[in-house]
Amino acid sequence: MALIYGILVFLVSWLGVQHGNLLSFAFLGVTTFLLMLLNNTYALIRIFSRMVSCSFLFLSAMLLALPPRGSASEPATLLLNVPWGADLVQVCFIVFFILLFSTYQNKNAVGQVFAAFFCLGMASMAFPHIVFMLPMCWFLLAVYMLAMSVKTFLASLFGFSVPYWFLSAYSVYTGRFMLVPHHFETIAVFGQVGNVASLGLNRVAMLCWVVLLALTGAVHFLRYSYQDKIRTRMEYEAFMLTVFVITLFLVSQPQHFDTLMRLLMVVTAPLVGHFIALTHSKLSNISFLFMVLATLLLTAFNLWMPSFSF
């Protein structure tokens with residue numbers, strides 16, 4: 001049902017309203033599959049449920065209904081200044097978590113850590129500001145995965161930098177010696193801090209709604225976390241911290257909304273899915289209906305009023 005809904009939203013946006021990007025829809029299918037893989041591999045929900053990937057599809061449909069914004073406003077010095085750059089960052093972010101969770105209590109997981117941070121390095125080619133999230137990623141590795149050691153820390157550094165080794169060799173070969181430095185110059189470019197109003201009503205409403213869903217899922221999980229395994233608790237606490245960091249980043253630098261919202265949806269979907277799949281009270285059933293209705297209304301609002309300003 002969620003898949004059919006996602007296809008219908010894309011068709012409406014592509015054919016009638018926003019002229020959606022077919023490649024972005026293909027990336028959405030990949031990210032949905034990767035989230036399903038993350039859920040199945042690490043049993044994020046202790047019963048059989050597809051609610052993580054379904055929640056992600058419903059949330060992503062809201063963003064899919066909006067016209068492109070972020071890629072057109074990025075500096076021309078970006079290595080991957082392409083319309084699908086934000087989608088690539090989202091895929092790399094999910095793969096990062098898949099690999100990160102495999103390091104649980106293994107301080108010798110050099111290969112997994114290298115591959116996880118290699119994904120972040122690839123993501124930084126389209127979104128160099130992801131460098132600011134490296135301290136958080138190291139914190140996740142040390143505190144929640146309990147896998148930080150000298151070897152894994154060095155592996156993370158090497159993993160993140162490897163894409164730029166090849167790029168540096170290419171820049172020397174082509175004589176474009178300032179290719180990498182110009183790319184990272186964009187990190188020093190800051191927009192007006194907290195200028196959320198510049199996003200327009202559509203995007204502000206989306207941000208508030210996704211954050212509210214994340215808070216609902218986080219509060220529910222913390223109340224009933226004793227029913228889950230310790231490893232699962234660590235994984236969900238990693239999601240919660242990531243939600244907080246991305247939200248803070250997004251509010252402080254809203255010009256990166258389209259990329260950061262994709263990352264926020266990745267870590268919100270497991271929290272929402274856990275809440276919906278494991279609560280069956282009258283209040284939770286009403287909450288579920290309200291969540292679905294509000295998400296549908298926001299998606300419809302984005303489709304037919306894509307650039308509504310304050």
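The main-chain N or O of L35 is never found under 3.5 Å from a side-chain atom of N39 such that the two would form a donor-acceptor pair. Under a 3.5 Å cut-off, the side chain of T268 and the backbone N or O of M265 do not form any donor-acceptor pair.
In this structure, CG in L250 is found 5.5 Å from CG in L207, a value given to the nearest 0.5 Å. Remark: S198 OG to R203 CZ distance equals 10.0 Å, nearest 0.5 Å. In this structure, CZ on F96 lies 8.5 Å from CD1 on I130, to the nearest 0.5 angstrom. To the nearest 0.5 angstrom, D258 atom CG is 11.0 Å from L263 atom CG. Atom CG of residue L297 and atom CE of residue M62 lie 11.5 Å apart, to the nearest 0.5 angstrom. M206 contributes atom CE, which lies 10.0 Å from atom OG1 of T295 (distance to the nearest 0.5 angstrom).
Contact record, I45 with Y236: CG1-OH, 4.0 Å, taken as the closest heavy-atom pair. Among all heavy-atom pairs drawn from Y226 and R233, the shortest one is O-NH2, 3.7 Å. T31 and L28 make their closest contact through OG1-O, 2.8 Å (heavy atoms, listed as atom of the first residue, atom of the second, distance). The nearest pair of heavy atoms linking C137 to L120 is SG-CD1, 3.6 Å. Of all non-hydrogen atoms in A116 and L99, the two that sit nearest each other are N-CD1, 3.5 Å. Here the shortest heavy-atom pairing between A43 and T232 reads O-OG1, 4.2 Å.
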Hey, mind stepping through L44 and F239 against side-chain contact (heavy atoms from CB on, under 4.5 Å) and telling me if it holds?
-> CA-CA 11 Å; L44 296 179; F239 287 140; 4.1 Å; yes
Taking it one step at a time, do M148 and F139 satisfy side-chain contact (heavy atoms from CB on, under 4.5 Å)?
-> CA-CA 9 Å; M148 179 63 83; F139 186 84; over 6 Å; no
Can Y224 and L278 be said to form a side-chain contact (heavy atoms from CB on, under 4.5 Å), step by step?
-> CA-CA 10 Å; Y224 298 100; L278 298 176; over 6 Å; no
side-chain contact (heavy atoms from CB on, under 4.5 Å) assessment of L222 paired with M240 = CA-CA 10 Å; L222 292 174; M240 293 176 204; 4.0 Å; yes
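Residues M36 and F56 form no side-chain contact, since every pair of their non-hydrogen atoms from C-beta on lies 4.5 Å or further apart. With contacts defined as side-chain heavy-atom distances shorter than 4.5 Å, the pair L88/C92 qualifies. Residues M122 and F118 form a side-chain contact, since some pair of their non-hydrogen atoms from C-beta on lies under 4.5 Å apart. The closest side-chain heavy-atom distance from F257 to L264 is not below 4.5 Å. Taking the side chain as every heavy atom from C-beta outward, R262 and V89 never approach each other to under 4.5 Å. Counting heavy atoms from C-beta on, the side chains of F249 and H129 come closer than 4.5 Å. Between V52 and L38, every side-chain heavy-atom pair lies at or beyond the 4.5 Å cut-off. Between M145 and E235, some side-chain heavy-atom pair lies under the 4.5 Å cut-off.
When the side chains of ILVMFWY residues are joined at heavy-atom separations under 4.5 Å, either directly or via intervening members, I230 and Y144 end up in a single hydrophobic cluster. Cluster membership check: L293 does not share its hydrophobic cluster with L57, using side-chain heavy-atom separations under 4.5 Å among Ile, Leu, Val, Met, Phe, Trp and Tyr. Residues I187 and M136 share a hydrophobic cluster, clusters being chains of Ile/Leu/Val/Met/Phe/Trp/Tyr side chains in contact below 4.5 Å. L212 and L289 fall within a single hydrophobic cluster, where Ile, Leu, Val, Met, Phe, Trp and Tyr side chains are chained together by heavy-atom contacts under 4.5 Å. Note on F290 and L213: same hydrophobic cluster, where clusters join Ile, Leu, Val, Met, Phe, Trp and Tyr whose side-chain heavy atoms are under 4.5 Å apart, directly or indirectly.
Partner of F275 under the side chain to side chain contact (heavy atoms under 4.5 Å, CB included) criterion, out of L271, T279, V272: T279 alone. Checked against V211 for a side chain to side chain contact (heavy atoms under 4.5 Å, CB included), the options I246, T216, T247 give a single hit: T247.
The number of heavy atoms from other shown groups lying within 6.0 Å of CZ (F132) is above 12. Within a 6.0 Å radius of CZ in F244, no more than 12 heavy atoms belonging to other residues, nucleotides or ligands are found.
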Can you list, pair by pair, the side-chain donor-acceptor contacts under 3.5 Å of residues 150-162, counting residues two or more places apart and other chains?
residue: K151; atom: NZ; partner: N108; partner atom: OD1; Å: 2.7
residue: T152; atom: OG1; partner: A147; partner atom: O; Å: 3.0
residue: T152; atom: OG1; partner: S149; partner atom: N; Å: 2.7
residue: T152; atom: OG1; partner: S149; partner atom: O; Å: 3.1
residue: T152; atom: OG1; partner: S149; partner atom: OG; Å: 3.2
residue: S156; atom: OG; partner: W138; partner atom: NE1; Å: 2.8
residue: S156; atom: OG; partner: F153; partner atom: O; Å: 2.5
residue: S161; atom: OG; partner: L157; partner atom: O; Å: 3.0
residue: S161; atom: OG; partner: F158; partner atom: O; Å: 3.1
residue: S161; atom: OG; partner: W165; partner atom: NE1; Å: 3.4

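Classification of the F97-F93 ring pair by plane angle, with boundaries at 30° and 60°, yields perpendicular.
Each salt bridge (Lys or Arg N to Asp or Glu O under 4.0 Å) pair with one or both residues in residues 39-58, not counting sequence neighbours, appears once here: R46-D228.
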